[in-house]
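Nothing here was measured: the structure is a model prediction, and the numbers come from that model. Each ligand, and each atom within it, is numbered from 1 in the order the structure gives. For the numbers below, each heavy atom of this structure counts, side chains included, while hydrogens, waters and symmetry mates do not.
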Amino acid sequence: MKVDVLLGLQWGDEGKGKVVDVLTPNYDVVARFQGGPNAGHTLEFEGQKYVLRSIPSGIFQGDKVNIIGNGVVLDPALFKDEAVALEKSGHNLKDRLIISKKAHLIMPTHRVLDAAYEAAKGDSKVGTTGKGIGPTYTDKVSRNGLRVGDLLHNFNEKYAAAKARHEQILKDMNFAYDITDTEKAWFEGIEYLKQFQLVDSEHVINTMLDEGKSVLCEGAQGTMLDVDFGSYPFVTSSNTVCAGACTGLGVSPRRIGDVYGIFKAYCTRVGAGPFPTELFDEVGDKIRDLGHEYGAVTGRKRRCGWIDLVALKYAVMIDGVTKLIMMKSDVLDDFDTIKACVSYKVNGEVIDHFPFDISEGVEPVYVEIPGWKTPMSKMQSEDEFPEEFNNYLSFLEEELGVPVKIVSVGPDREQTIVRYNE
Ligand code: GDP
Ligand code: IMO
Ligand code: MG
């Protein structure tokens, strides 16, 4: 069997959690392969809303196996909070969630380092989620990291050595901090983590594939936040692109099947960094209000703008997208005209490829498309789509060269329309 991968194509928060939950009944396994609690994946069903950060979004649909893969960075304290809340609401995790021994642990001092590095950057700070993501991946790559599997052997010694190294850096930076409370919660998280199946998940996943089981990989963040291909340095510290599923789970590239690329009908970004189609006017405010564009975890205001097809085409290319999923269509219900950026003007020259640097002098070139001016959130099938909406879909499919297979018209699991006609 092959693994299918579902990825954000923009700057994150596209609606990955919702769609993973919707697609889970078609799979035996759902696996996270990168990122950590910087993610906030929202799911809504039966009047309940859940926000998942480290736990895969396949946890609510029957007895599926959920895997936290080796490419993920895990904060035991936040993991415990998330898992205990789910267990309290009746979702048993211990039999269904397995965790890679090779996943790296986010330590309390990683979070402090995240804050210290951001403070040191001053005006050019990344606007990270403050969860210690960058410092944890830095330790991984510099071969200093602490892994989940270390819990089982000489853990306290390894922890103390890593902590001492971090303390020295913070001392050199003259950065004041107090981790008394967070460290206590962290060690409680460590004890809690020991109750789970800690395994070499690359063996588990490949064995399951050999047995004919199907796997859906759940991306976090989005392609434009990828450490190699995103708007560097305003990115996260992992490979959010499709290739990340191979390294983050131990799955060969030959085993990748469908790649679901998910995007909003417009575009958002949270944190600092360039965003060519950002709107600073009342149109941007209207999108933010109608789309409730505030961070799922931090509550930070998301920056809003029109869809950027230059960036999206680039993401489709890097990820090898085979099926597109358009989210938040309902948010644009009430616009007379919708704009789509089809190229950039850079120093007077019009380009349609994504350039090395989008930080300055990039002016979006738009086409205008008539809006549908029809409420979509109660629609059940594509037969109800207004003509203007179908025109928007056809335009996007033509530009991106990939069919839009799923359209989302609201946050609830039920507000999802699978398209059959093309
Ligand atoms: P993720 O990080 O990609 O999983 O996305 P987030 O959960 O951070 O942000 C997506 C937000 O949009 C959440 O609040 C969802 O409940 C909401 N949402 C998802 N799909 C739709 C949709 O089609 N319409 C509307 N109005 N909201 C949606
Ligand atoms: P989901 O999975 C949106 C952004 C941060 C910051 C940059 C680096 O919910 O789509 P980090 O803490 O990773 O070092 O921050 O990346 N960022 C996200 N933006 N959605 C996310 O996740 C994000 N995870 C990180 O705002 O700009
Ligand atoms: Mg999110």
Side-chain angles (χ1 to χ4, degrees), residues 6-22 32 34-45 48-54 56-57 72-73 75 106 110-111 113-115 117-118 121 125-138 218-227 230-238 240 262-275 287 289-303 325-333 375-377 379 406-417:
L6 184 141
L7 305 155
L9 299 182
Q10 297 165 318
W11 275 282
D13 300 331
E14 295 88 351
K16 299 173 289 292
K18 168 182 163 164
V19 180
V20 168
D21 171 63
V22 167
R32 277 277 304 268
Q34 47 68 235
N38 47 349
H41 294 182
T42 315
L43 293 82
E44 285 190 39
F45 56 90
Q48 296 289 324
K49 178 171 163 173
Y50 300 90
V51 179
L52 298 177
R53 311 187 59 184
S54 301
S57 302
V72 171
V73 289
D75 183 324
I106 303 176
H110 281 131
R111 276 205 245 173
L113 284 167
D114 197 352
Y117 292 141
E118 281 285 86
K121 279 184 179 240
K125 69 174 186 196
V126 177
T128 72
T129 58
K131 298 292 176 276
I133 305 296
T136 307
Y137 279 115
T138 303
E218 172 179 5
Q221 291 80 56
T223 301
M224 301 316 295
L225 289 169
D226 180 86
V227 67
S231 47
Y232 193 88
F234 297 96
V235 293
T236 190
S237 300
S238 65
T240 62
I262 177 164
F263 64 98
K264 288 178 186 171
Y266 47 95
C267 194
T268 64
R269 170 162 207 172
V270 63
F275 178 6
I287 293 177
D289 285 349
L290 292 171
H292 305 293
E293 293 295 356
Y294 297 89
V297 179
T298 57
R300 286 190 290 177
K301 225 180 191 185
R302 293 181 185 146
R303 300 153 63 190
I325 302 175
M326 186 164 93
M327 307 303 287
K328 301 197 116 170
S329 313
D330 53 301
V331 175
L332 299 186
D333 281 353
M376 294 197 66
S377 61
M379 289 184 184
I406 297 175
V407 168
S408 176
V409 295
D412 194 273
R413 193 189 262 174
E414 303 295 329
Q415 291 170 297
T416 315
I417 298 173

Task: Protein contact of atom 17 (C) of ligand 1 - nearest heavy atom, named by residue and atom, plus distance - done: K328 CE, 3.8 Å
TODO: Show the numbers, then the answer: is there a side-chain contact (heavy atoms from CB on, under 4.5 Å) between D21 and H41?
DONE: CA-CA 10 Å; D21 171 63; H41 294 182; over 6 Å; no
Open item on the list: List ligand 2 atoms under 4.0 Å from V126, heavy atoms only on the residue side.
Closed with: 8 (C), 27 (O)
Open item on the list: To check your reading of the model: name the closest protein heavy atom to atom 5 (C) of ligand 2, its residue, and the distance in Å.
Closed with: G127 O, 3.6 Å
Task: Closest protein heavy atom (residue, atom, distance) for atom 20 (N) of ligand 2 - done: D13 OD1, 3.1 Å
Open item on the list: Would you say that P135 contacts I106 through its side chain, given a criterion of any heavy-atom pair below 4.5 Å between the two side chains?
Closed with: no
Open item on the list: With heavy-atom distances below 4.5 Å as the criterion, would you say the side chains of T128 and I133 are in contact?
Closed with: no
Task: Closest non-hydrogen atom pair, A272 against K125 - done: CB-O, 3.4 Å
TODO: Please write down residue, atom name and distance for the protein heavy atom closest to atom 25 (C) of ligand 2.
DONE: Q221 CG, 3.7 Å
Open item on the list: Within the structure provided, determine whether I406 and T416 are in side-chain contact (heavy-atom separation under 4.5 Å).
Closed with: yes
TODO: Just need the protein heavy atom nearest to atom 10 (C) of ligand 1, so name the residue and atom and give the distance.
DONE: D13 O, 3.7 Å
TODO: Looking only at protein heavy atoms, identify the closest one to atom 15 (O) of ligand 2 and say how far it is in Å.
DONE: T128 CA, 3.4 Å
- [ ] Work out which heavy atom in R303 is nearest to a heavy atom in G271; give both atom names and the distance.
- [x] NH1-O, 2.7 Å
Task: Atom indices of ligand 1 within 4.0 angstrom of E44 heavy atoms, with elements - done: 16 (O)
TODO: Tell me which part of V409 gets within contact of ligand 1: side chain, backbone, both or neither, using heavy atoms under 4.0 Å.
DONE: backbone
Open item on the list: What I want to know is whether D330 and ligand 1 share at least one N or O pair that is separated by under 3.5 angstrom.
Closed with: yes
Task: Heavy atom of K131, distance to ligand 2 below 4.0 Å - done: no
Open item on the list: Just verifying a value: how many Å separate Y137 OH and Q34 CD, rounded to the nearest 0.5 Å?
Closed with: 6.0 Å
TODO: Report the nearest protein non-hydrogen atom to atom 16 (O) of ligand 1: residue, atom name, distance rounded to 0.1 Å.
DONE: P411 CB, 3.4 Å
TODO: Can you see which heavy atom on V331 is nearest to which on L290, and at what distance?
DONE: O-CD1, 3.7 Å
- [ ] Write out the residue and atom name of the closest protein heavy atom to atom 7 (O) of ligand 1, then the distance separating them to 0.1 Å.
- [x] T42 OG1, 2.5 Å
TODO: List the atom of G219, the atom of K16, and the distance in Å for their closest heavy-atom pair.
DONE: O-CD, 3.3 Å
Open item on the list: Treating E218 as the side-chain partner and V20 as the backbone partner, does any N or O pair qualify as donor plus acceptor under 3.5 Å?
Closed with: no
Open item on the list: Side chains of S231 and R269, heavy atoms from C-beta outward: is any pair under 4.5 Å?
Closed with: yes
Task: ligand 2 contact by R300, heavy-atom criterion under 4.0 angstrom - done: yes
Task: Under-4.0 Å heavy-atom contact with ligand 1, by part of K18 that carries it - done: side chain
Open item on the list: As an exercise, identify every atom of ligand 2 less than 4.0 angstrom from a heavy atom of W11.
Closed with: 3 (C), 19 (N)
Open item on the list: Nearest 10°: the angle subtended at the Mg ion (ligand 3) by G40 O and D13 OD1?
Closed with: 160°
Task: Min N/O separation T236 to ligand 2 under 3.5 Å - done: yes
Task: Close approach, K16 and ligand 2, non-hydrogen under 4.0 angstrom - done: yes
Open item on the list: Checking a contact table here: which protein heavy atom is nearest atom 4 (C) of ligand 2, and how many Å away?
Closed with: L225 CD1, 3.9 Å
TODO: Please could you name the atoms of ligand 2 that A39 approaches to less than 4.0 Å, counting only its heavy atoms?
DONE: 1 (P), 2 (O), 9 (O), 22 (O)
Task: Distance from atom 27 (O) of ligand 2 to nearest protein heavy atom, with residue and atom - done: V270 O, 3.3 Å
- [ ] Decide whether an N or O pair under 3.5 Å exists between K16 and ligand 1.
- [x] yes
Open item on the list: Yes or no: does G40 have any heavy atom under 4.0 Å from an atom of ligand 2?
Closed with: yes
Open item on the list: Closer than 4.0 angstrom, basic N to acidic O: yes or no for D75 and R111?
Closed with: yes
Open item on the list: Can you confirm whether the side chains of Q221 and T236 place a donor and an acceptor under 3.5 Å from each other?
Closed with: no
Task: Close side-chain approach of Q10 to M327, heavy-atom, < 4.5 Å - done: no
Open item on the list: Check this for me, if you would: do R302 and D13 make a salt bridge, where the nitrogen-to-carboxylate-oxygen distance has to be below 4.0 angstrom?
Closed with: yes
TODO: Spell out, as yes or no, whether a donor-acceptor pair under 3.5 Å connects the side chain of D330 to the backbone of M376.
DONE: no
Open item on the list: With a cutoff of 4.0 Å, is G222 in contact with ligand 2, counting heavy atoms of the residue only?
Closed with: no
Task: Test item: T240 and L7 side chains (from C-beta on) under 4.5 Å apart, heavy atoms - done: no
Task: Top protein contact for atom 12 (O) of ligand 2, by heavy-atom distance - done: T129 OG1, 2.5 Å
Task: Minimum side-chain heavy-atom gap K131-T136 below 4.5 Å - done: no
Open item on the list: Students should be able to answer this: which protein heavy-atom is nearest to atom 4 (O) of ligand 1, and at what distance?
Closed with: G17 N, 2.9 Å
Open item on the list: Suppose I only count heavy atoms of M327 and a 4.0 Å limit; which atoms of ligand 1 are within that range?
Closed with: 20 (N)
Open item on the list: Just to check, does R302 reach to within less than 4.0 Å of ligand 1 when the distance is taken from its heavy atoms?
Closed with: yes
Open item on the list: Using every non-hydrogen atom in the two residues, find where K264 and T268 come nearest and quote the distance to one decimal.
Closed with: NZ-OG1, 2.9 Å
- [ ] Pick, from S408, G295, G40, the option with the minimum heavy-atom distance to atom 8 (O) of ligand 1.
- [x] G40
Open item on the list: If the contact criterion is a heavy-atom separation under 4.0 Å, does V235 count as touching ligand 2?
Closed with: yes
- [ ] Would you indicate whether the side-chain heavy atoms of K18 and T42 approach each other to under 4.5 Å?
- [x] no
Open item on the list: For ligand 1 and G15, I'd like to know whether there is a polar contact (N/O to N/O, distance under 3.5 Å).
Closed with: yes
Task: Nearest heavy-atom neighbours spanning L6 and I262 - done: CD2-CG2, 4.1 Å
Open item on the list: Please list, in number order, the atoms of ligand 2 under 4.0 Å from a heavy atom of A220.
Closed with: 2 (O)
Task: Min heavy-atom dist G410 to ligand 1 below 4.0 Å - done: yes
- [ ] May I ask you to check if ligand 2 and N38 share an N or O to N or O distance below 3.5 Å?
- [x] yes
Open item on the list: Side chain or backbone, does H41 bring an N or O within less than 3.5 Å of an N or O on ligand 2?
Closed with: yes
Task: Metal proximity, K16 vs the Mg ion (ligand 3), N/O/S cut-off 2.8 Å - done: no
